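See structure below.
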2 protein chains.
Amino acid sequence: MNTAADFQADIFSAVAHPNRIRILEMIRYGINCNCEIAPELGMEQSNLSRHLKILVKSGVLRSWKEGLRTNYEIADKRIYKLLDIAADIAKAKLEKQTEVFA
Amino acid sequence: MNTAADFQADIFSAVAHPNRIRILEMIRYGINCNCEIAPELGMEQSNLSRHLKILVKSGVLRSWKEGLRTNYEIADKRIYKLLDIAADIAKAKLEKQTEVFA
DNA sequence: TGTATATATGATCGATTACTCATATATGGA
DNA sequence: TCCATATATGAGTAATCGATCATATATACA
């Protein structure tokens, strides 16, 4: 049986990789094609493809084909909220850490 | 070098496990001792201890000893916000899925 | 139809994760 | 001091993850 915690964990697992977070940020700012993401992130094409697949399979992204290209969009805008909050938490942690040297 | 995405990914990795999410929910509602969490979640003691260690190491939880017990508290309340948003996203996904049968 | 381009996937491999059992450590109380 | 209790950890193992290389597929276009 799948409990709420299982679904939540699936979402977190999907975004629990630096490159997947970077991919989502690029899509957030309008870049929604494989061909533009790969060179920007310096990722091997096959590797990028697999990361995108993980994001689609987990339901974080939706994808559709347009000719040769595969385009992506966020399935639920609240995913960005998750990224923002995590960024805030990380920022607070870093500031607390550097206080020592102030 | 550690980028923002690395820190965000670390936070998501820490909460990317159903039992760790359940642990956080228990701490959220006032249960902050190993000895009460283990039986409630039906986890082996050593397994629980390791999950708690992951949460502390990642900075999600803070811990302190009090006699025999080790107590835990959330390090940043925004972690709960992450859990709530993920729960909302999961809920929306489930509803969309069951629409088919409506 | 042949070729270039964009994306996907099979196979492989090393690293990491989650779990369990057994044992160690550390504290409190008889 | 001895024992019970709470927690931590070493060792072992199966499963999963992330990356890469090579290759397959699928579409557009000359």
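Here is the naming used below: chain letters follow the sequence lines, and residue numbers restart at 1 for every chain. No experiment lies behind these values; they were computed from the predicted model shown.
At least one side-chain nitrogen or oxygen of Asn47(B) sits closer than 4.0 Å to the OP1 or OP2 atom of dT20(C). Close to dT9(C), at under 4.0 Å from its OP1 or OP2, lies a side-chain N or O of Lys53(A). Contact annotation: His51(A) does not reach the phosphate of dC17(D) (side-chain N/O to OP1 or OP2, under 4.0 Å).
A pairwise comparison of heavy atoms in Pro18(B) and Ala5(A) identifies O-CB, 3.7 Å as the closest pair.
A heavy atom lying under 4.0 Å from DNA chain D marks the following residues of residues 56-73 of chain B, by number: Leu68(B), Arg69(B), Thr70(B), Tyr72(B). Applying a 4.0 Å cut-off to non-hydrogen atoms, the residues of residues 4-19 of chain A that approach DNA chain D are His17(A), listed by residue number.
Contact annotation: the side chain of Asn19(A) never approaches that of Leu48(A) to less than 4.5 Å [non-hydrogen atoms, C-beta and beyond].
To the nearest angstrom, P of dT9(C) lies 16 Å from CD of Glu44(A). Rounded to whole angstrom, the span from the CG atom of Leu55(B) across to the P atom of dA18(C) amounts to 11 Å. One can place CG of Leu41(A) at 12 Å from P of dA19(D), the figure rounded to the nearest angstrom. The separation between Leu52(B) atom CG and dA8(D) atom C1' is 11 Å, rounded to whole Å.
Of the N and O atoms on the side chains of Asp6(B) and Thr3(B), at least one donor lies less than 3.5 Å from an acceptor on the other residue.
In this structure, Arg22(B) contributes its side chain and Ile37(B) its backbone to no donor-acceptor pair below 3.5 Å. A distance-only check finds a donor-acceptor pair linking the side chain of Arg20(B) to the backbone of Ala14(B) [under 3.5 Å].
Across all strands, Asn34(B) comes closer than 4.0 Å only to sugar-phosphate atoms, never to a base (heavy-atom distances).
In the interface, the side chain of Arg50(B) is not paired with the base of dT17(C) through any donor and acceptor atom under 3.5 Å apart. With hydrogens and angles ignored, no donor-acceptor pair closer than 3.5 Å exists between the side chain of Ser46(B) and the base of dC19(C). For dA8(D), its base sits under 3.5 Å from the side chain of Gln45(B) at one donor and acceptor pair at least.
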Please tabulate, one pair per line, all N/O donor-acceptor pairs under 3.5 Å involving side-chain atoms of residues 80-88 of chain B, not counting sequence neighbours.
from	atom 1	to	atom 2	distance (Å)
Tyr80(B)	OH	Arg28(B)	N	3.4
Asp84(B)	OD1	Arg28(B)	NH1	3.0
Asp84(B)	OD1	Arg28(B)	NH2	3.4
Asp84(B)	OD2	Arg28(B)	NH2	2.8

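Between Phe12(A) and Phe12(B), the ring-plane angle classifies as parallel under the 30° and 60° cut-offs.
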| Would Lys93(A) and Ile11(B) satisfy side chain to side chain contact (heavy atoms under 4.5 Å, CB included), going step by step from the backbone distance to the final call? | CA-CA 11 Å; Lys93(A) 204 173 358 175; Ile11(B) 293 168; 4.3 Å; yes
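Among the nucleotides dT7(C), dT7(D), dA18(C), the one closest to the side chain of Cys35(B) is dT7(D).
Positionally, the nearest nucleotide of DNA chain D for Cys33(B) lies more toward the 5' end than for the other of Met43(A) and Cys33(B).
Note that CD of Gln45(A) and CZ of Arg50(A) are 9.5 Å apart. Values are rounded to the nearest 0.5 Å.
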